[in-house]
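In the text below, chain A, chain B and the rest are named by the order of the sequence lines, each starting its count at 1.
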2 protein chains.
Amino acid sequence: MDDRLDAIFSALSDPTRRAILGRLAHGKATVAELADPFKLSQPAISKHLKVLEQAGLIRSGREANSRPRVLEPDALKTIADWIADYRRFWDQSFDRLDDYLSKVQGYENDKSRDRH
Amino acid sequence: MDDRLDAIFSALSDPTRRAILGRLAHGKATVAELADPFKLSQPAISKHLKVLEQAGLIRSGREANSRPRVLEPDALKTIADWIADYRRFWDQSFDRLDDYLSKVQGYENDKSRDRH
DNA sequence: ATCCAATATAGCCCTATGGTTATATAGCTA
DNA sequence: TAGCTATATAACCATAGGGCTATATTGGAT
């Protein structure tokens, strides 16, 4: 699991790759469409896409001639969960909100819900 | 701001550094204490600490002979905020929860609260 | 003043990363 | 089948990253 976190954080550490994810948040896109905003060569973009795919952040489809990419949210959820363990360090209202929700219909009384 | 995200994600992409943060989540610690669990040399740990500090994830204190480190939560909040923009992709209950909270005393009717 | 303990810095090595150009592959289209 | 389009792969280069050992620095203790 450490390896998975390594790969995800590492993939996200590049601004080009984050921009690509940003584009994919609006829907699937071809390699050409993803490459368009950048001054990089097409192979450079393909490399970035490979990094994102190996980190599990995106997935490749196949559609006629092209291989459209889509977002794969699980990887982002993985690191969101990791970060959630630290949430109490910055969010004063975290515990209060957590207590509140634990009393509300439809939410379990489980203080660790959002922490692990 | 891109540079800041680069540095934070990059710092988090190393398992040793994440383990160091995990240790610091229990309270401040000296370099020697932080180095203890690892088979790495002391300079290697100092390098990791420098990376974490330059990313804004930790801060150095000064106490007699030693320079204890403490967690600096803002950097983690920065990327948590970044990830929050993607939360809707994996959390079905996100919108429902958001709607719910918007009706509750003490929470504004602001759907973008947790998204930006 | 000296010495020891804690930590930082320098210099070196090897591998990983991000970019490039050139070329290969796969699927339409004529 | 020939050629065009979309994308992937190969080979190469330069820089960054993470490890090491050796050494410098800083502060407390004797």
Show the numbers, then the answer: is there a ring-ring contact (aromatic ring centres under 6.0 Å, His included) between A:Y86 and A:W90? CA-CA 8 Å; A:Y86 294 88; A:W90 73 79; 8.2 Å; no
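The listed nucleotides are C:dA8, D:dA8, C:dT7; the one nearest the side chain of B:R69 is C:dA8.
Contact annotation: B:H48 reaches the phosphate of D:dG19 (side-chain N/O to OP1 or OP2, under 4.0 Å). For the OP1/OP2 pair of C:dA8 and a distance below 4.0 Å, the side-chain nitrogens and oxygens of B:S46 include at least one atom meeting the criterion.
With rounding to whole Å, B:D36 atom CG is found 17 Å from C:dA5 atom P. In this structure, NZ of B:K28 is placed 13 Å from P of C:dT7, rounded to the nearest angstrom. In this structure, CG of B:L34 is placed 10 Å from P of C:dA8, rounded to the nearest angstrom. Distance, A:L49 CG to C:dT17 P: 16 Å, rounded to whole Å. Atom CD1 of A:I45 and atom P of C:dG19 are 8 Å apart (whole Å).
Side chain of A:Q54 to backbone of A:V51: no donor-acceptor contact under 3.5 angstrom is found. Judged purely by atom type and a 3.5 angstrom limit, A:R17 uses its side chain to pair as donor or acceptor with the backbone of A:A11. Under a 3.5 Å cut-off, the side chain of A:S10 and the backbone N or O of A:A7 do not form any donor-acceptor pair.
Ion pair A:D14/A:R18 not flagged as a salt bridge, since none of the NZ, NE, NH1 or NH2 atoms sits closer than 4.0 Å to an Asp/Glu carboxylate oxygen.
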Nucleotide by nucleotide, nucleotides 21-30 of chain D touches protein heavy atoms under 4.0 Å in the pattern (B base, S sugar-phosphate only, - none) BB---SBS--
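Between A:F9 and B:F9, the ring planes are tilted. Angles from 30° to 60° get that label.
The residue among A:L40 and B:S60 whose nearest nucleotide of DNA chain C lies closer to the 5′ end is B:S60.
Within the 4.5 Å cutoff, the side chain of A:V70 has no heavy atoms near those of the A:L24 side chain. Using a 4.5 Å heavy-atom cutoff, the side chains of A:P37 and A:R23 are not in contact.
Contacts between residues 6-24 of chain B and DNA chain C, defined by a heavy-atom separation below 4.0 Å, involve no residue at all.
Between the side chains of B:R69 and B:S60, a donor-acceptor pair is found at a separation under 3.5 Å.
Remark: the A:K47 side chain and the C:dG19 base include a donor-acceptor N/O pair separated by less than 3.5 Å.
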